[in-house]
Amino acid sequence: MDQLRIPERDDPRLAHYAVRLAVPGDAAGIARVHVDGWKTTYRGIVPDAYLDRLSYRRSYEARRTMLDLPPAGHCTLVATDPIGWVVGFADLGPARDALGFDGELYALYVMKAYQRLGLGAWLLETAARAHLAAGRRSMLLWVLAANHPARRFYEAFGGEALATKLIAIGGAPLEEIAYGWRDLAALIEAP
C-alpha cells in the first residue's frame with residue numbers, strides 16, 4: 001500500500017476530516033464504529049438478540065489482531081473527524097467469491113451522525129485506489145438486501161447488482177446482494 005494516494009476533498013464540509021490507512025491504535029475506534037454501525041443500521045433487519053450481544057471488547061480484540069497481523073493483501077482505511085476520532089472505516093482485500101472479481105470491499109461503515117457528509121464516498125474511492133495500488137482491477141462487495149440506503153449508495157456510484165445468496169445471522173436467514181465494479185478507474189471517476 002506504499003503507492004496508495006489518498007484523494008483530497010475540496011468540499012468545505014470535509015476540510016478538517018481525513019481518510020488514511022489504519023494503524024493498530026485505531027482498533028478501539030474501529031470497534032466502536034463497527035458495533036454502533038451494526039446496532040443502528042441493522043435494527044429491524046437482524047434479530048435484536050444478536051445485535052444486543054455485540055461487544056465492543058470482542059470487536060476491539062478482533063480489530064487489534066487484524067491490524068497487528070493483517071492477512072495477506074488486506075487493508076483497513078479509517079475516516080477521522082476534526083479532533084482525530086475514528087468515525088468510519090473500510091476493510092478490503094482479495095475477493096473471496098468466485099464471481100470474476102479480484103478485489104473485495106469487506107466492510108464500509110460511517111457513524112450515523114457523520115453520514116451524508118461525503119465520508120462514505122471518500123472511503124469508497126480510496127478503497128478503489130487501494131485495490132488498484134495492490135494490482136487489482138475490479139471490486140465487489142456484499143450488502144444485506146434489506147439495507148436499502150446502502151444499496152442506493154453503491155448504485156449511485158455505478159455498482160452493478162451481480163448475484164444474491166442466503167446467509168444466516170443470529171439464526172435468521174437473510175439475503176445478501178453482491179455489487180461490483182469491473183473497472184475501478186470508472187468508480188474513481190464516478191460522481
Side-chain angles (χ1 to χ4, degrees), residues 1-11 14 17-22 30 33-34 37-38 41-42 45-46 63 66-67 70-79 87-111 114-169 173-191:
M1 291 300 139
D2 295 337
Q3 302 169 24
L4 177 61
R5 186 181 77 67
I6 308 286
E8 294 184 18
R9 291 291 192 254
D10 42 345
D11 185 332
L14 297 174
Y17 289 84
V19 168
R20 61 174 172 75
L21 289 169
I30 294 169
V33 171
H34 188 240
W38 268 70
T41 302
Y42 301 132
I45 299 173
V46 170
R63 292 287 160 185
M66 187 181 308
L67 292 172
H74 185 273
C75 173
T76 300
L77 305 165
V78 292
V87 297
F89 75 94
D91 281 327
L92 60 118
R96 298 173 289 187
D97 291 298
L99 295 174
F101 290 75
D102 53 2
E104 184 171 348
L105 182 62
Y106 307 132
L108 190 156
Y109 291 95
V110 175
M111 291 181 70
Y114 294 88
Q115 292 176 2
R116 303 211 176 267
L117 292 175
L119 291 170
W122 197 356
L123 284 166
L124 183 64
E125 179 185 345
T126 306
R129 290 178 183 278
H131 278 304
L132 287 170
R136 300 181 200 110
R137 299 289 170 239
S138 60
M139 177 177 77
L140 68 88
L141 60 88
W142 289 93
V143 61
L144 288 176
N147 185 352
H148 297 289
R151 291 177 57 192
R152 284 190 297 272
F153 172 78
Y154 295 123
E155 289 167 1
F157 284 91
E160 171 191 355
L162 303 167
T164 61
K165 68 180 177 182
L166 283 178
I167 62 167
I169 300 177
L174 299 168
E175 183 181 39
E176 279 191 317
I177 298 176
Y179 282 91
W181 293 265
R182 296 185 192 283
D183 177 9
L184 288 175
L187 171 58
I188 291 169
E189 296 167 6

Name all residues meeting the side-chain contact (heavy atoms from CB on, under 4.5 Å) criterion together with P71; count only those two or more places apart in sequence or in a different chain, and write none if there are none. M66, H74
Run the side-chain contact (heavy atoms from CB on, under 4.5 Å) test on I30 and T76 for me, step by step, so that the C-alpha distance in whole Å, both residues' side-chain angles and the decisive distance to 0.1 Å come before the verdict. CA-CA 10 Å; I30 294 169; T76 300; 3.8 Å; yes
The ring pair (Phe, Tyr, Trp, His ring centres under 6.0 Å) partners of F153 (sequence neighbours excluded) come to F157
V78 versus L123, closest heavy-atom pair with distance: C-CD2, 4.1 Å
Under the salt bridge (charged side-chain N to carboxylate O under 4.0 Å, His left out) test, residues paired with D11 that sit two or more places apart: R13
Which residues pass the side-chain hydrogen bond (donor to acceptor under 3.5 Å, both in side chains) test with R137, not counting sequence neighbours? none
Identify, with sequence neighbours excluded, every residue that meets side-chain hydrogen bond (donor to acceptor under 3.5 Å, both in side chains) alongside N147. none
I'd like to know if the side chain of Y106 reaches the main chain of P94, judged simply by a donor and an acceptor atom lying under 3.5 Å from each other, with no hydrogens or angles considered. yes
For A18, all residues meeting side-chain contact (heavy atoms from CB on, under 4.5 Å), sequence neighbours excluded: T80
Approximate separation, where rounding is to 0.5 Å, of E175 CD and T164 OG1: 4.5 Å
So, taking the atom named CG in L141 and the one named CG in L124, what distance separates them when rounded to the nearest 0.5 Å? 8.0 Å
Looking only at heavy atoms, which two atoms of A127 and L105 are closest? And how far apart? CB-CD1, 3.9 Å
Does L144 form a side-chain contact (heavy atoms from CB on, under 4.5 Å) with I167? I'd like the steps, not just the answer. CA-CA 9 Å; L144 288 176; I167 62 167; 4.0 Å; yes
May I have all residue pairs that pass salt bridge (charged side-chain N to carboxylate O under 4.0 Å, His left out) and include part of residues 143-160, sequence neighbours excluded? E160-R182
What's the spacing between D97 CG and K165 NZ if we round to 0.5 Å? 4.5 Å
For F101 and A95, work out which heavy atoms get closest and say how close. O-CB, 3.1 Å
Can you find a heavy atom in the side chain of L132 that is under 4.5 Å from one in the side chain of I188? yes
From Y17 OH over to Y114 OH, what is the distance, rounded to the nearest 0.5 angstrom? 5.5 Å
For D102, check side-chain hydrogen bond (donor to acceptor under 3.5 Å, both in side chains) against everything at least two apart and list the hits. S138
Calculate, to the nearest 0.5 Å, the distance between atoms CD1 and CG belonging to I177 and L140 respectively. 13.5 Å
List the atom of L187, the atom of A128, and the distance in Å for their closest heavy-atom pair. CD2-CB, 3.7 Å
Rounded to the nearest 0.5 Å, how far does CG of L77 lie from CZ of R20? 10.0 Å
Apply side-chain contact (heavy atoms from CB on, under 4.5 Å) to the pair D91 and R63, showing each step before the final yes or no. CA-CA 11 Å; D91 281 327; R63 292 287 160 185; 2.3 Å; yes
Under the rule for ring pair (Phe, Tyr, Trp, His ring centres under 6.0 Å), what residues qualify as partners of Y42, not counting sequence neighbours? W38
